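Source: prediction; values computed, not measured. Counting starts at 1 for both ligands and their atoms, in listed order.
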Amino acid sequence: MKIYVVKNNRLLGVLEEKNNLFYFSYEDDIKLTGYLLGLKNKENESDELFPIFENLIPESEIVSSIKHEHGISNIIGILLHLSNNNGSFEFYNKKDFEALTLIENEIVAYESVKDEVLQSKYTYPNILKDYSFVNIEDNKLHPKELNKLAQDSAIGLSGVQYKFAVSLDHKKKEIQFTDNKNDLYFIKPYNKHRCTFKRRGNNDNYIPYLLINEHLFMTMARDFGFDIPYNAIIKEGVDYHYIIKRYDNYAGIKFDHTDFLTFIGKASKYKYDIKFNELKEHVFDLINEDDTLELYKFLVFSVIIGHGDLHAKNLSLIYKSSSLYEKELRLSPFYDIATTKIYGKNVDSRDIGLNIASRVKKFFNRKDLIEVAGKMTINKTLAESIIDEYALRFLNNFKNLYVDTLSNEIKSLPFYRLKGYGRSDTLEVVLLRYLENRKKDIKKYLDVEIKKEEKTTAQMLFE
Ligand SMILES: Nc1ncnc2c1ncn2[C@@H]1O[C@H](COP(=O)(O)OP(=O)(O)O)[C@@H](O)[C@H]1O
Ligand SMILES: [Mg+2]
């Protein structure tokens, strides 16, 4: 099978899979400086799919059902069925490619359009009320195959969320599925199977309100000063869907981005196994000092909130411009931020999904974080102040800014106890209990002296 790979609206080359071997060859007019990560020769061969492509394939269970539906028996065929590819990549078979007219776009610097692309100044909670779905049937939001598959496999939290591209029209209050490759948003529908508590039977998959969780912590990240795209939630039935604006598309001009795992050169299944040295060797040298500090702050933030799903595919670098030949990279906006600490034993309890401490461990202590700062050449005093300020800011603001502001409808959502024989708490109670537990852990592991935030120092850091 041959696939035509288009990038930045140009034919880059042809990907081929034959007898369990993979080949990629560039077009003659592509200059060496436009060659992709891990594909350094004009002709490339490998016995596994090149990570730059492998990491574009969603890990959602829906992939196996699309494969089944379209009779795809090889590995690369799925690329033709992806509707919301990362960055500017597009994949075509011969016939579709030949019918295509490619027009090169002007080259735009990401920094110059970033705020316009992100549109992150929404008010929390951002609930799209009375919006209607157009061309989105129930089976598109909740594919039967997905539920069936979910029952057969124990799903973790990460990389596996089903999603599809949509357009969002605030004037008409419409969320529309168009199959247009330039849609500026995508939706992660909630998975019914994860939010239904069974009075009898196995509840290992019970991970409710994941997308409310994501909206909450994405917003908190924004408020801490991190770049994140506009996002919102929409109620449907018993839970909420999540909509997010693409951070890599400016009115059809697309910016490529690559996750840390791809820079490291590993396949998706290794995303939780990444060590500090691998990041240092393959990622840190690609970014400037400001971004290194930003990344460190995000790691601290993630440990504080208990972002157990922070693995090497949930962090990315983005190219500075939309040119095919752009080589310089910046930290991309952040995405997929949630706490894993409210789901009990149903998800791994570790603080973050990266092994960046000197020993592999579940919980990070202050010493680990200071050591990481040292290795990232961040001044120790600065690192200490980031840990203290972030911890206090989180503890002092979580309830009033992120829980009390939720609607009563959300606060009172039932959250079943895993061993409660059908007894439930409310989401509000669960969030407040999470806060109490974080407080204990932050004191115990991060050795932060819990006190009311001192406005002056906090302001200094966040202004
Ligand atoms: N807003 C966005 N714009 C463009 N690409 C995104 C955006 N959010 C996530 N991505 C890309 O899509 C991938 C999957 O998104 P993510 O939110 O991590 O979903 P999941 O919950 O399935 O892991 C990410 O690894 C990232 O490369
Ligand atoms: Mg993810």
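- Taking the centre of each ring, Phe284 and Phe276 come in below the 6.0 Å mark.
- With hydrogens and angles left out, the side-chain atoms of Thr340 and Asp348 include no donor and acceptor closer than 3.5 Å.
- In this comparison of Ile228, Asn86, Ile337, Asp248, the heavy atom closest to atom 4 (C) of ligand 1 sits on Asp248.
- Near His257, meaning under 4.0 Å from one of its heavy atoms, ligand 1 places the atoms 5 (N), 27 (O).
- Between Tyr434 and Phe398, the distance separating the two ring centers is shorter than 6.0 angstrom.
- Residues Tyr402 and Tyr124 bring their aromatic ring centres within 6.0 Å.
- When distances to the Mg ion (ligand 2) are checked against a cut-off of 2.8 Å, Asn314 contributes an N, O or S atom below that limit.
- Geometrically, ligand 1 and Arg246 share no nitrogen or oxygen pair separated by less than 3.5 Å.
- Within ligand 1, counting atoms from 1 as listed, the ones closer than 4.0 Å to a heavy atom of Ile244 are 1 (N).
- Less than 4.0 angstrom separates some heavy atom of Lys188 from each of these atoms of ligand 1: 16 (P), 17 (O), 19 (O), 20 (P), 21 (O).
- Under a 4.0 Å heavy-atom criterion, Phe186 is in contact with ligand 1.
- Relative to the six-membered ring of Phe301, Arg393 misses at least one condition, a distance below 6.0 Å or an angle of at most 45° to the axis.
- Taking distance alone, with nitrogen or oxygen atoms compared against 3.5 Å, Ser316 stays at or beyond that limit from ligand 1.
- The ring of Tyr240 has its center no closer than 6.0 angstrom to the ring center of His215.
- When you scan the N, O or S atoms of Asp336 for the one nearest the Mg ion (ligand 2), you land on OD2.
- Here Tyr247 has heavy atoms under 4.0 Å from ligand 1 in both its backbone and its side chain.
- Numbered from 1 in the order shown, with element, the atoms of ligand 1 that lie under 4.0 Å from a heavy atom of Lys313 read 25 (O).
- Here is the list of ligand 1 atoms found below 4.0 Å of a heavy atom in Asn314: 18 (O).
- Taking each heavy atom of Asn9 and Leu102 in turn, the nearest pair found is O-CB, 3.5 Å.
- Residue-ligand proximity: Asp259 is placed with every non-hydrogen atom at 4.0 Å or more from ligand 1.
- When side chains are defined from C-beta on, Leu261 does not count as touching Pro51, because their heavy atoms never get closer than 4.5 Å.
- Within the 4.0 Å heavy-atom criterion, neither part of Asn249 lies near ligand 1.
- Counting heavy atoms closer than 4.0 Å to ligand 1, residue Gln161 contributes atoms from both its backbone and its side chain.
- In Lys129, the NZ atom is not crowded: 12 or fewer heavy atoms of neighbouring residues, nucleotides or ligands sit closer than 6.0 Å.
- Under 4.0 Å from ligand 1, the heavy atoms of Lys245 that appear belong solely to its backbone.
- Ring geometry for Tyr209 versus Phe415: interplanar angle of 30 to 60°, hence tilted.
- Of the N or O atoms in Glu214, none lie within a sub-3.5 Å distance of an N or O in ligand 1.
- Close placement of the Tyr272 and His311 rings is indicated, their centers lying within 6.0 Å of each other.
- Each of the atoms 1 (N) of ligand 1 lies under 4.0 Å from some heavy atom of Pro229.
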